Protein chains: 2
Amino acid sequence: MLYADFMSTALPPLPPHDERAAGPDLLQLGATEDEPCLRADAARNRAKLLDAAARLIAEHGADGVTMEAVAAAAQVGKGTVFRRFGDRTGLLTALLDHSERKFQAAFLGGPPPLGPGAPPVERLHAFGRALLRRTVEELDLQLAAEPSPDRRFSVPARRVLHGHIALLLRQAVPEADCELLAHTLMAQLNPALVHHLVRQCQMPVERLEANWTDLVARVTKTR
Amino acid sequence: MLYADFMSTALPPLPPHDERAAGPDLLQLGATEDEPCLRADAARNRAKLLDAAARLIAEHGADGVTMEAVAAAAQVGKGTVFRRFGDRTGLLTALLDHSERKFQAAFLGGPPPLGPGAPPVERLHAFGRALLRRTVEELDLQLAAEPSPDRRFSVPARRVLHGHIALLLRQAVPEADCELLAHTLMAQLNPALVHHLVRQCQMPVERLEANWTDLVARVTKTR
DNA sequence: AAATTAAACGGACCTCGGTCCGGATCGTAA
DNA sequence: TTACGATCCGGACCGAGGTCCGTTTAATTT
């Protein structure tokens with residue numbers, strides 16, 4: 001089987017924005033960088049907007065990224081921002097897209113132990129370490145880009161990660177409810193939690209990694 | 001040890017609103033129903049506001065609970081609402097307070113297996129079932145009351161639940177990182193996740209309960 | 001009872017996310 | 001090259017959360 005069924009669960013269809021549309025719902029890994037078929041001006045503005053947003057975030061942090069400010073910085077109307085990215089979350093998500101794709105490529109086709117080739121439990125360990133590190137790296141953006149509660153688990157990127165974990169779990173502990181166990185593991189990497197533990201509680205990342213390792217071990221232990 | 005150290009971890013102090021102030025940070029279980037020392041008019045308005053909010057929520061769902069609407073329905077100025085509850089989340093949280101206290105009382109001092117007297121693992125099982133059921137019951141409100149990412153894990157109610165799980169875990173698996181494991185278990189009961197699984201994926205609650213049971217078993221198994 | 005003061009009140013005001021629609025622009029077909 | 005339709009643009013507009021501050025009112029002191 002391939003990754004075609006990650007998205008198969010029936011869900012209330014989201015309104016078709018330009019971003020996150022995802023077409024026939026395979027991976028979002030098709031085009032490496034360019035979007036489907038944007039009109040020239042649209043594409044130009046999109047680039048300008050992403051650029052402006054990145055600049056703003058670098059200067060004033062994630063909170064400084066006002067939709068109006070982004071529009072102004074990109075010398076573009078406010079409506080254009082929303083037309084292109086749907087909402088604030090969409091814009092911020094788009095900013096994360098690059099690293100997202102890189103990460104997906106790494107665990108889908110990269111070298112072991114993250115990529116295929118290593119035994120599933122090994123891959124799980126590597127996956128947690130890698131994703132945890134990435135989350136910490138771009139924590140502010142991740143926090144700011146958090147979708148509203150009722151979309152949070154339906155976002156394509158999230159489903160891909162979840163699906164991947166579930167797949168590995170199925171190989172390691174077929175008798176378990178891997179679908180749900182995957183959610184359990186994902187929760188460990190939740191940006192809000194990481195923020196709380198690392199920033200607010202000053203917990204070293206190593207402890208989170210250790211806990212991931214331990215949890216994977218406990219969960220994949222067949223009884 | 002008692003529950004006095006659940007709140008002991010150093011955290012950036014939240015601005016002192018009337019609600020969630022929590023004073024010297026024991027449990028929020030002190031006064032059963034009345035607030036510290038509100039002026040007569042303030043107390044009256046508080047009651048009117050909560051009443052109005054509950055009415056609005058019953059009529060128009062959680063989305064219909066506009067701060068302005070609540071103020072109007074309570075025949076009170078908008079500023080009063082914010083003075084009393086800090087922000088929207090505060091108001092919604094206050095609405096949940098009653099069942100929260102009931103639940104706390106149940107696992108802190110109620111009959112086993114939820115309350116003290118049963119072996120820790122038993123109590124964990126009961127805890128999950130009970131909290132899961134409560135979450136499903138008031139799901140809409142729970143979703144609407146979700147705090148912003150950087151407060152989510154610092155909210156008193158949440159810390160109490162987390163602390164309780166951690167305590168039980170410490171009794172069952174002293175060698176584990178119970179602090180973090182408690183977060184893992186809590187994640188299972190996250191309203192957003194429950195919403196996703198039960199509402200959007202139509203998953204029966206029994207499956208969530210089964211998964212909780214299974215997870216507790218896996219996690220508390222000493223190696 | 002009058003004075004005093006800390007607390008509460010209320011609503012004008014601000015910001016920001018999100019919508020809308022008349023007008024400008026791009027790609028295409030003739 | 002021109003004409004046409006689909007797409008896009010832009011900024012006025014709206015609603016809701018949150019702030020501010022002059023005014024009112026409840027408790028306390030004299």
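These numbers were taken from a predicted model, which means no experiment stands behind them. Residue numbers begin at 1 in each chain, while the letters A, B, ... track the order of the sequences.
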Expressed as a whole number of angstroms, how long is the span from A:Phe85:CZ to D:dC9:C1'? 15 Å
Interatomic distance where CZ belongs to B:Arg88 and C1' belongs to D:dG15 [whole Å]: 13 Å
Starting from P on D:dT19, measure out to CD on B:Glu68 and report it in whole angstrom. 15 Å
Mind checking side-chain hydrogen bond (donor to acceptor under 3.5 Å, both in side chains) for A:Arg44 and listing every partner two or more places apart, or none if nothing turns up? none
Can you tell if the side chain of A:Val219 reaches within under 4.5 Å of the side chain of A:Thr184, non-hydrogen atoms only? no
Only counting residues at least two apart or in another chain, list the ones meeting side-chain hydrogen bond (donor to acceptor under 3.5 Å, both in side chains) with B:Arg133. none
Identify, with sequence neighbours excluded, every residue that meets side-chain hydrogen bond (donor to acceptor under 3.5 Å, both in side chains) alongside A:Ser99. A:Arg134, A:Glu138
Restricting to non-hydrogen atoms, name the atom on B:Glu179 and the atom on B:His162 that form the minimum distance, rounded to 0.1 Å. O-NE2, 2.9 Å
At what distance, to the nearest 0.5 angstrom, does NE2 of A:His183 lie from CG of B:Leu197? 5.0 Å
Distance check needed: C:dA8 P versus B:Lys48 NZ, whole Å only. 16 Å
How close or far is atom C1' of C:dC26 from atom CZ of A:Arg46, stated in whole angstroms? 19 Å
Residues at least two apart in sequence or cross-chain that pass salt bridge (charged side-chain N to carboxylate O under 4.0 Å, His left out) with A:Asp41, listed by chain then number, are A:Arg39
Could I get the full list of salt bridge (charged side-chain N to carboxylate O under 4.0 Å, His left out) partners for B:Arg152, not counting sequence neighbours? A:Glu146, B:Glu146
What's the closest nucleotide to the side chain of A:Arg44 if the choices are C:dC26, D:dC9, C:dG18? C:dC26
Exercise answer: donor-acceptor pairs, residues 51-61 of chain A side-chain atoms, under 3.5 Å, sequence neighbours excluded:
unit_1	atom_1	unit_2	atom_2	d
A:Asp51	OD2	A:Arg55	NH2	3.3

Sub-4.0 Å heavy-atom contacts from residues 69-79 of chain B onto DNA chain C, ordered by number: B:Val76, B:Gly77, B:Lys78, B:Gly79
Kindly determine whether A:Val216 and A:Gln188 satisfy side chain to side chain contact (heavy atoms under 4.5 Å, CB included), including the steps that lead there. CA-CA 11 Å; A:Val216 167; A:Gln188 221 65 20; over 6 Å; no
Nucleotides 27-30 of chain D: which of its N/O atoms have a protein N/O under 3.5 Å away?
unit_1	atom_1	unit_2	atom_2	d
D:dA27	OP1	B:Ala40	N	3.1

Would you indicate which nucleotide in C:dC9, D:dG17, C:dG17 comes nearest to any side-chain atom of B:Thr66? D:dG17
Using whole Å, what does the distance between atom P of nucleotide D:dC9 and atom CE of A:Met67 come to? 14 Å
Apply side-chain hydrogen bond (donor to acceptor under 3.5 Å, both in side chains) to A:His125 and list each qualifying residue two or more places apart in sequence or on a separate chain. none
Does a nitrogen or oxygen in the side chain of A:Thr80 sit under 4.0 Å from OP1 or OP2 of D:dC8? no
Quick one: which protein N/O atoms are closer than 3.5 Å to N/O atoms of nucleotides 21-23 of chain C? Pair and distance per line, please.
none

Rounded to 10°, the angle between the first-five-pair and last-five-pair axes of the helix from C:dA1-D:dT30 to C:dA30-D:dT1 is 0°
Can you confirm whether B:Phe82 sits close enough to B:Leu91 that some side-chain heavy atom of one is under 4.5 Å from a side-chain heavy atom of the other? no
Rounded distance in Å - CG (A:Asn45) to C1' (D:dT7): 13 Å
Nucleotide C:dG18, atom P - distance to CG of A:Leu91 in whole Å: 11 Å
The criterion is side chain to side chain contact (heavy atoms under 4.5 Å, CB included); which residues satisfy it with B:Thr135, sequence neighbours excluded? B:Leu131, B:Leu139, B:Pro191, B:Val194
Checking A:Leu95 against A:Phe85 for the side chain to side chain contact (heavy atoms under 4.5 Å, CB included) test, could you report, in this order, the C-alpha distance in whole Å, the side-chain angles of both residues, the deciding distance, and whether it holds? CA-CA 11 Å; A:Leu95 281 179; A:Phe85 297 102; over 6 Å; no
